[in-house]
Amino acid sequence: MELLERKSYLDDLHGLLVQTSHGHGCLLFLGGEAGVGKSALVQELARLVERQARVLTGACDPLSTPRPLGPLLDISDALGPEISTLIQTSAPQFELFRSILAELRQNSPSVVVIEDAHWADEATLDWLRYLGRRMANVPALIIVTYRDDETGPGHHLRRVVGELASQTAVRRMAMRPLSQGAVAQLATGSSLDAVELYQLTDGNPFFVTEVLSVGEPGLPETVRDAVLARAA
């Protein structure tokens, strides 16, 4: 799906990446509801900057027993054999975190994407705490995506974000659903009424795409399943 009304977000992210080339790193918490396009946004950024920066992507998973440091396991090979060994041997956290920070300083610039941090385990959250206090002079942009509608005041990630609120290298960005005009643009050529489509989906890009793929009014099974999964 075409990325409509996302240029300002891309411009802001690219601006933060430019700052990293001058040694001013950033830990960015990118929030938004499920389906609003956070992953699509960071994937587009990765495509645009692949010749300018090293891009590493890891993810947290909705497992009954979360993987300790799951996102770091995903990117450990790209970070080098030393980091992989430290993770596999369950080295002390401080030693692991310090080694990752040193690696990021040596390879400039880097974009590290951590997806779905609302599912992060405690060790990953500790890593974000550690990074947030030390990113000011690290040539890297760390983008942490999360569902802001699923992280209430008592959520572990929300506490981490609050603890880092005073750090100058920590930023927040909130993605919003599409406007009615953007939904109408996506619906061009379909038989669906654009106003009805907007009212049905509230501008959520995932919902809009799924309804358009079916080509008729009503909620597709994929949307129902996604909503039921979140409710459960």
- Measure from the side-chain N and O atoms of N107 to the backbone N and O of E103, and report whether any donor-acceptor pair falls under 3.5 Å. yes
- Item | CZ-CG distance between F207 and L212, expressed to the nearest 0.5 angstrom | 13.5 Å
- Query: With distance as the sole test, does R147 use its side chain to make a donor-acceptor pair with the main-chain N or O of E33 at under 3.5 Å?
  - Reply: no
- Would you say N204 and L178 make side-chain contact, with heavy atoms under 4.5 Å? no
- Item | Residues which pass salt bridge (charged side-chain N to carboxylate O under 4.0 Å, His left out) with R129, listed by chain and number, not counting sequence neighbours | D126, E163
- Query: Can you list every side-chain hydrogen bond (donor to acceptor under 3.5 Å, both in side chains) pair that touches residues 108-117, not counting sequence neighbours?
  - Reply: S39-E115, R54-S110, E115-T145
- Note on the structure: Smallest heavy-atom separation, P139 atom then L104 atom, equals CG-O, 3.7 Å
- Message: Within the 4.5 Å heavy-atom criterion, are R133 and Q167 side-chain neighbours or not?
- Response: yes
- Are any side-chain N or O atoms of E5 and backbone N or O atoms of S179, one a donor and one an acceptor, separated by less than 3.5 Å? yes
- Task: For residues G132 and V170, report the shortest heavy-atom separation together with the two atoms involved.
- Result: O-CG2, 3.6 Å
- Which atoms form the tightest heavy-atom contact between V183 and A194, and what is the distance? CG1-O, 4.1 Å
Would you tabulate the side-chain donor-acceptor contacts of residues 88-101 under 3.5 Å, counting partners in other chains and residues two or more places apart, or write 'none'?
from	atom 1	to	atom 2	distance (Å)
T89	OG1	T85	O	2.7
T89	OG1	L86	O	3.4
S99	OG	E95	O	2.9

- Contacts satisfying side-chain hydrogen bond (donor to acceptor under 3.5 Å, both in side chains) that involve residues 16-29 (not counting sequence neighbours) are none
- Task: Please report the shortest heavy-atom distance between S76 and I87, naming the atom on each side.
- Result: CB-CD1, 3.8 Å
- Between L197 and A187, which heavy-atom pair has the shortest distance, and what is it? CD2-CB, 3.9 Å
- Without swapping roles, check the side chain of R134 against the backbone of Y130 for a donor-acceptor pair under 3.5 Å. yes
- T57 side chain reached by V112 side chain, heavy atoms, under 4.5 Å: no
- Taking the hydrophobic residues Ile, Leu, Val, Met, Phe, Trp and Tyr, and joining any pair whose side-chain heavy atoms are under 4.5 Å apart, which ones share a cluster with L41? Y9, L10, L13, L16, L17, L28, L30, V36, V42, L45, L48, V49, V55, V111, V113, L141, I143, M173, M175
- Message: Quick check for you: to the nearest 0.5 Å, what is the distance between E150 atom CD and H118 atom NE2?
- Response: 5.5 Å
- Do T124 and D121 have a side chain donor and acceptor closer than 3.5 Å? yes
Which pairs of donor and acceptor atoms, one on a side chain in residues 63-74, lie under 3.5 Å apart (sequence neighbours left out)?
from	atom 1	to	atom 2	distance (Å)
R67	NH1	D74	OD1	3.4
R67	NH2	A59	O	3.3
R67	NH2	D61	OD2	3.3
R67	NH2	G70	O	3.2
R67	NH2	D74	OD1	3.4
R67	NH2	D74	OD2	3.4
D74	OD2	A59	N	2.9

